[in-house]
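Along the sequence shown, the residues carry numbers beginning at 1. Please read these numbers as outputs of a predicted model, since none were measured by experiment. Whatever order the structure lists them in is the order used to number ligands and atoms, beginning at 1.
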Amino acid sequence: MIYILDTADLEAIKHCNEYYPLAGVTTNPTIISKEKADFWDLLKEIRNIIGYDKMLHVQTVQKKAEKIVEEAKLLKKELGGNFYIKIPISEEGLKATMEIKRQKLDIGVTITAIFTPAQALIAAKAGADFVAPYVNRLDNILGDGINVVEEIVCQLSKYNMDCQVVAASFKNVEQVHKCAAAGCHSATVTADVLENIVNHPMTSISIEGFEKDWASVYGDKTILDL
Ligand code: E4P
């Protein structure tokens, strides 16, 4: 299971990159628009924070395959490193995926806005490295996001596809946990969800107890002071 951060908020990226075992950052046009920043400055700063080894997924805003490929090349040239172009599933998106792979451009492809296992399978067949099903958006319409993720994981494995699932659109820890239990390869989550994975009221109570008991004998000294 790998964790990816789903934001373009530089402070959140700095924080989470320092404190969490992150494999990279995903963005989409909505996420980027929220920052109201210069596009290239923002993306280059994200690359600067996470470095060249970690994945950076950026979504195309083009609709035609030729333009998607052109945009992917420009993004790769400007941002370098471990780069993935995110392409919403469509005929043009599949065509662009096949072209990027045919040209061996060293650009990863994440087919995004996936809502069914059938979409995921055909995206994998076209050469996608990742497919991104939207768990919470499915849950919002009683679409059982976890079940969709599980079916995609099973299908990709059944047909030995060289494609991983990056489950996306999470609103809570339970969704992430259930995706992991379903054998999902990775999850892209917000900083809030990431922090909630770690925090637990019983953990806080336990730590408070350790601190109180220690202080009752050793005061404010730590092991380094003894
Ligand atoms: C992946 O990067 C998706 O674009 C993203 O997770 C969608 O999340 P949302 O449903 O919270 O907008």
Compute whether any side-chain donor of one residue and acceptor of the other, for D129 and Q164, lie under 3.5 angstrom apart.
no

Donor-acceptor contacts under 3.5 Å from residues 140-157 side chains, at least two apart:
from: D144; atom 1: OD1; to: N147; atom 2: N; distance (Å): 3.2
from: N147; atom 1: ND2; to: E151; atom 2: OE2; distance (Å): 3.4

H185 ring center within less than 6.0 Å of F130 ring center
no

Between the side chains of K95 and E92, is the shortest nitrogen-to-carboxylate-oxygen separation below 4.0 Å, so that they form an ion pair?
no

Heavy-atom contacts with ligand 1 below 4.0 Å: which residues, ordered by chain and residue number?
D6, T26, N28, K86, Y134, R137, A168, S169, K171

Any donor-acceptor N or O pair under 3.5 Å, side chains T112, Y134
yes

Taking only Lys NZ, Arg NE, NH1 and NH2, and the carboxylate oxygens of Asp or Glu, determine whether K14 and D9 approach each other closer than 4.0 Å.
no

